[in-house]
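Take a look at the structure set out below.
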Amino acid sequence: MNPINVDGVLLTFQPGWKVLKIDEAAWYRDGDAIGNQVKAMDVTAFGPSGHWWIEVKNCHGHEVANRPRLTPSDPKPTELTDTEKWIVERGWDQLVEVKRKKLFVVDEVVQKVAGTIASLAAAERAPLKELRATSVKPYAQGYMPGKQLTVVLLLTWSLPDFAVLASRLKTRMEQRLRAFDVTCFVVNETVSAPAQPWAAERIAPDSDPSA
């Protein structure tokens, strides 16, 4: 199959794999589609080694700007606690709630795993006349009992602390996704997961730090 471009990262899958970018499927994006209700993982794929759901975050060149997104909410980031203190000092805490503009990346992955399940489950239940669901239905097997499902965060990160960062994020993903009975990995272009069925290549020199 042809390589697919996700946020400036090219994914080339091995032969025998079926791959879907959900947000490009008519079922997800068109008109009254379910994409108006939930967020989904960037890529779902299935083949000889089970089902893989992949979320791509291309931070290359914007590592510093993206670091707060890789910091968990508990304990709260310094920027958040400082803002809360400033609001309390002015007596605005009953009027204003401080929230992160961007979710902690693991919280985002959890949200997208749940959204992917909802999107695929809806496609599987769609009536035969709903043709937009046709190309999506085969991927719904990924969340069924007994199926091997691997959730991957592909993080392009050029700073030398990637190994420590990846280990910490992987642990958080495993904790947050325990109820889903999935295997979790955090990888980049050069660090792969065991039995990973694709190769990754960063083809865009930079990405939007708010992506």
Qualifying residue, where the test is ring pair (Phe, Tyr, Trp, His ring centres under 6.0 Å) with H51 and the options are W17, Y143, F46:
F46

Minimum-distance pair of heavy atoms, taken over all atoms of A40 and I22
CB-CG2, 3.9 Å

Looking at side-chain heavy atoms only, is the closest gap between C184 and V182 below 4.5 Å?
yes

Working for side-chain contact (heavy atoms from CB on, under 4.5 Å), residues K18 and Y139
CA-CA 9 Å; K18 301 291 184 182; Y139 298 86; 3.6 Å; yes

Test item: R125 and E130 side chains (from C-beta on) under 4.5 Å apart, heavy atoms
no

Could you walk me through whether R202 and E189 pass the salt bridge (Lys or Arg N to Asp or Glu O under 4.0 Å) check?
CA-CA 7 Å; R202 181 171 46 81; E189 310 98 303; 3.0 Å; yes

At what distance, to the nearest 0.5 angstrom, does NE2 of H60 lie from CG of D7?
12.5 Å

Does H62 form a side-chain contact (heavy atoms from CB on, under 4.5 Å) with V64? I'd like the steps, not just the answer.
CA-CA 6 Å; H62 300 282; V64 174; over 6 Å; no

Euclidean distance, Q111 CD relative to R176 CZ, rounded to 0.5 Å:
10.0 Å

Minimum heavy-atom separation for G61 to E63, with atom names?
N-OE1, 3.1 Å

Is a side-chain N or O of W157 found less than 3.5 angstrom from the main chain of L155, in a donor-acceptor match?
no

For a 4.5 angstrom cut-off between non-hydrogen side-chain atoms, does K112 reach W53?
no

Nearest heavy-atom neighbours spanning A126 and A133:
CB-CB, 3.7 Å

Identify the two heavy atoms, one from W27 and one from S119, that lie closest to each other, and give their separation to 0.1 Å.
NE1-O, 3.1 Å

Is V109 close to V106 at the side-chain level, that is, under 4.5 Å between some pair of heavy atoms?
no

Is the number of heavy atoms from other residues, nucleotides or ligands within 6.0 Å of CG (D181) greater than 12?
no

Determine, step by step, whether L10 and I4 satisfy the side-chain contact (heavy atoms from CB on, under 4.5 Å) criterion, reporting the C-alpha distance in whole Å, the side-chain angles of both residues, the deciding distance to 0.1 Å, and the verdict.
CA-CA 6 Å; L10 200 66; I4 58 174; over 6 Å; no

Atom NZ of K147: over 12 foreign heavy atoms under 6.0 Å:
no

Note, L103 side chain near R69 side chain (heavy atom, < 4.5 Å)
no

Please report the shortest heavy-atom distance between V19 and A45, naming the atom on each side.
CG2-CB, 4.0 Å

What's the shortest heavy-atom distance between Q14 and Q196, and which atoms?
NE2-O, 3.6 Å

Centroid separation F13 to W198 less than 6.0 Å:
yes

If you group Ile, Leu, Val, Met, Phe, Trp and Tyr by side-chain heavy-atom gaps below 4.5 Å, do V96 and V88 land in one group?
no

Can you see whether T156 engages N58 through a side-chain donor-acceptor pair at a distance of less than 3.5 angstrom?
yes

Evaluation steps, salt bridge (Lys or Arg N to Asp or Glu O under 4.0 Å), between E108 and K57
CA-CA 11 Å; E108 184 178 351; K57 295 298 179 190; 2.7 Å; yes

For the pair T134 (side chain) and L131 (backbone), establish whether a donor and an acceptor sit closer than 3.5 Å, ignoring hydrogens and angles.
yes

Please collect all salt bridge (Lys or Arg N to Asp or Glu O under 4.0 Å) contacts where either partner lies in residues 158-169, sequence neighbours excluded, each pair once.
R67-D161

Non-hydrogen side-chain atoms of V9 and I203 separated by less than 4.5 Å
no

Can a donor-acceptor pair be found, under 3.5 Å and without considering hydrogens, that links the side chain of T116 to the backbone of M41?
yes

Taking everything shown except R90 itself, do over 12 heavy atoms lie less than 6.0 Å from its CZ?
yes

Polar side-chain atom of E55 near backbone of D42 as donor-acceptor pair, under 3.5 Å:
yes

Do you reckon W86 sits in the same ILVMFWY cluster as L95, going by side-chain contacts under 4.5 Å, direct or chained?
yes

From CA spacing to verdict: side-chain contact (heavy atoms from CB on, under 4.5 Å), L153, F185:
CA-CA 6 Å; L153 171 61; F185 294 106; over 6 Å; no

Between the side chains of Q148 and T183, is a donor N or O closer than 3.5 angstrom to an acceptor N or O?
yes

Within this structure, what is the CG-OG1 distance for the pair L120 and T44, rounded to the nearest 0.5 Å?
6.0 Å

So, do V43 and V152 sit near enough that their side-chain heavy atoms are less than 4.5 Å apart?
no

